[in-house]
2 protein chains.
Amino acid sequence: MDIQRKDVHNSETPVLCRACESRHRGVCGALTPDQLLQLSRHSTRRAVESGTELVGESLKTTSYSNIISGVVKLSKMMADGRQQIVGLQFAPDFLGRPFRSENGVSAEAATEVKVCSFPKAAIERMISEMPELEHKLFEQTLAELDEARDWMLTLGRKTAGEKVASFLLLIATHAFPDNESDSVTFDLPMSRTDIADFLGLTMETVSRQLTKLRKDDVIHILNNRHVSVPDLSRLSERAGS
Amino acid sequence: MDIQRKDVHNSETPVLCRACESRHRGVCGALTPDQLLQLSRHSTRRAVESGTELVGESLKTTSYSNIISGVVKLSKMMADGRQQIVGLQFAPDFLGRPFRSENGVSAEAATEVKVCSFPKAAIERMISEMPELEHKLFEQTLAELDEARDWMLTLGRKTAGEKVASFLLLIATHAFPDNESDSVTFDLPMSRTDIADFLGLTMETVSRQLTKLRKDDVIHILNNRHVSVPDLSRLSERAGS
DNA sequence: CGTGTCCTTGATAATGCTCAAGGAGCGTGG
DNA sequence: CCACGCTCCTTGAGCATTATCAAGGACACG
């Protein structure tokens, strides 16, 4: 074994973490290689298929995760079965409600999802020891709150057409956060029913509004899931600014 | 001057802070008397009347505040004037978006409001020096996120009747957080128009639903603003659990 | 080739919105 | 003290948007 590597203060970044986005844009960016190594000893990486429940609405959570790839939907359900998706999470978001075992939302993989999971206790210990880590989580939570409030405007005040356009815009920008051009092509990470549950509409209304956008040449649809937007600014107009 | 007081390590709690709820349930609970004293030197306390704008939607903020009493509404507006209230804040909530000068919501006093304001720089310095303070703010932000997501379910999936009942329940529980009995009486902190903007409805629909609840004897209304709920569980049923 | 899932489209119904009129409370000024 | 003007709220009638119910199309998989 390479002695030099072992001896330097900044020990080597764990292999698993090297190509991980969480180390750059996510919460692990707050950790030194030493700490990363310590945490990685307790972490398990796994891929789950679309539809898997990652966190139950009233289940006690025993672990937290970083999303490595894929899309996770957070949802709430009423006693009679009505459902509302209250947020989408993308890599490299941190998944889980800190400081509380029960969080009132369920998390389900919307696409195939790769996660890196840690035991609750390990994370909580590191949070209490490292203000930098807590700060990162705080920043993410503030961003989620901003997004939740944006979406409240969409849910409460936009028309069906504006809602669907807003959703497409949301996916387009999150799928390609640093897209500079005015056109994008992407796969929708969710079914019509899921989109409806996110927008507070029915599946039929979502379908009709997508058809309308297609007929007005704002979007092109191939194979139900595959969408291309030739001019983002035209879509943006439809979203009601 | 009393020398003993001056010399003890834990100096005296500032007069202004003594009866303040923020010191117990709010963010100031994270501060020692020494730190409180330091902060209180920069703080200004003032009362503003209902309707005053405390934070502009795209204005750069120069100060943060603790709400001492009253209700603050956070809202977003679309270019064409459609408005959505995205949150209500009560004493002893902290008002302001940390780490960003522009926060995308405007804050307006819904009732007469008393606030204790601090310069942005002073708070940010204390946050960076005191993990405990940041932790308190983080906890409040998480609670706000939970509430925002609860409200998303209300906005997206509940009927007009359920929305109005949910609103009354929200006010009843926040006005008297430790009420044990099954009946409550309170004043609504906002107009019908504001309630409509919070629920994603029109003023007329809110009015009709209130009338319906009154005719069904779920609530009693005196003088438009004054409401009494004889049986909270019956109201809760109307809110769709 | 059948069966299943997901999506689209159509016809009809219902919920909530728009427009309109009028009532209640309140401060102001005659 | 009362009339007025004002704001806020209620109520009604008709309408628009979206939901519901139903049928059928596209595609995948056995």
Side-chain angles (χ1 to χ4, degrees), chain A residues 49-51 73 78 80-84 108 110-112 154-168 187-216 219-227 238 240, chain B residues 49-51 73 78 80-85 108 110-111 154-168 187-216 219-227 238 240:
Chain A
E49 63 181 353
S50 167
K73 55 188 206 217
M78 292 173 65
D80 60 5
R82 280 176 284 177
Q83 198 170 18
Q84 175 67 45
E108 186 182 312
T111 61
E112 198 210 46
T154 300
L155 288 173
R157 287 304 183 201
K158 291 189 183 174
T159 64
E162 290 169 336
K163 285 180 176 181
V164 171
S166 298
F167 171 76
L168 292 173
D187 280 310
L188 294 176
M190 12 173 9
S191 69
R192 299 290 187 270
T193 305
D194 281 345
I195 298 171
D197 283 342
F198 192 29
L199 294 170
L201 298 171
T202 59
M203 202 198 63
E204 293 92 330
T205 300
V206 170
S207 179
R208 278 185 249 271
Q209 294 299 333
L210 284 171
T211 303
K212 190 154 180 291
L213 287 172
R214 180 171 51 71
K215 286 188 174 154
D216 294 352
I219 59 173
H220 300 155
I221 303 181
L222 295 83
N223 283 346
N224 293 339
R225 291 292 187 103
H226 199 71
V227 176
R238 298 295 190 113
Chain B
E49 62 182 355
S50 167
K73 55 189 206 216
M78 293 174 63
D80 61 5
R82 280 176 284 177
Q83 197 171 16
Q84 176 68 45
I85 293 179
E108 187 182 309
T111 61
T154 300
L155 288 172
R157 287 305 184 200
K158 291 189 183 174
T159 64
E162 290 169 336
K163 285 180 176 181
V164 171
S166 299
F167 171 75
L168 292 173
D187 281 309
L188 294 176
M190 30 193 331
S191 69
R192 300 290 186 270
T193 305
D194 280 345
I195 298 171
D197 283 343
F198 193 28
L199 294 169
L201 298 171
T202 59
M203 203 198 61
E204 293 92 331
T205 299
V206 171
S207 180
R208 278 186 250 271
Q209 294 300 332
L210 284 172
T211 302
K212 190 153 180 292
L213 286 172
R214 180 171 52 73
K215 286 189 175 155
D216 293 352
I219 59 173
H220 301 155
I221 303 181
L222 294 85
N223 284 345
N224 293 337
R225 290 294 186 100
H226 200 72
V227 176
R238 299 296 190 109

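Protein chains get the first letters and strands the later ones, always in sequence-line order, with residue 1 at the start of each.
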Distance in angstrom units between [X] [atom1] and [N] [atom2], rounded:
| X | N | atom1 | atom2 | result |
| --- | --- | --- | --- | --- |
| A:H226 | C:dC7 | NE2 | P | 16 Å |
| A:R225 | C:dT5 | CZ | C1' | 11 Å |
| A:L188 | C:dC6 | CG | P | 15 Å |
| B:L199 | C:dT15 | CG | P | 18 Å |

Could you tell me which non-hydrogen atom of [X] sits nearest to which non-hydrogen atom of [Y], and how far apart they are?
| X | Y | value |
| --- | --- | --- |
| B:L155 | B:G200 | CD2-N, 3.9 Å |
| A:F198 | A:Q84 | O-NE2, 3.1 Å |
| A:A196 | A:M203 | CB-N, 3.5 Å |
| A:T154 | A:K163 | O-CE, 3.3 Å |

Rounded (10°) bend between the five-pair end axes of the helix from C:dC1-D:dG30 to C:dG30-D:dC1: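 Taking five pairs per end, the axes differ by 20°.
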
Nearest-0.5 Å distance that lies between atom CD in B:E204 and atom OG1 in B:T193: 8.5 Å

query: With a 4.5 Å limit on heavy-atom distance, are the side chains of A:L213 and A:I221 in contact?
result: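 Answer no - side chains too far apart.
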
query: Does any non-hydrogen side-chain atom of A:R157 lie less than 4.5 Å from one of A:E162?
result: no

query: Are B:K73 and B:D197 close enough, and set up right, to give a salt bridge (Lys or Arg N to Asp or Glu O under 4.0 Å), and what steps lead you there?
result: CA-CA 10 Å; B:K73 55 189 206 216; B:D197 283 343; over 6 Å; no

- request: For B:N224 and for A:T193, locate the closest nucleotide of DNA chain C by heavy-atom distance; then report the residue assigned to the nucleotide nearer the 5' terminus.
  value: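 Its nearest nucleotide lies further toward 5', so the answer is A:T193.
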
- prompt: Okay, side chain of B:R238, backbone of B:A165: is any donor-acceptor separation there less than 3.5 Å?
  reply: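 No; judged by distance alone, with no hydrogens or angles, the pair does not exist.
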
Range on DNA chain D touched by chain A, heavy atoms, distance below 4.0 Å: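 The contact span of chain A on DNA chain D goes from D:dT18 to D:dC21.
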
task: Kindly check if the number of other-residue, nucleotide or ligand heavy atoms within 6.0 Å of CG (A:N223) is above 12?
output: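 Open.
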
List, with names and distances, any nitrogen or oxygen atoms from the protein found under 3.5 Å away from nitrogen or oxygen atoms belonging to nucleotides 17-20 of chain C.
unit_1, atom_1, unit_2, atom_2, d
C:dC17, OP2, B:T202, N, 3.4
C:dC17, OP2, B:T202, OG1, 3.2
C:dC17, OP2, B:T205, OG1, 2.4
C:dT18, O4, B:R208, NH2, 3.0
C:dC19, N4, B:E204, OE2, 3.1

- prompt: What residue among B:D194, B:V227, B:N224, B:T111 forms side-chain contact (heavy atoms from CB on, under 4.5 Å) with B:L188?
  reply: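 Filter result, single survivor: B:V227.
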
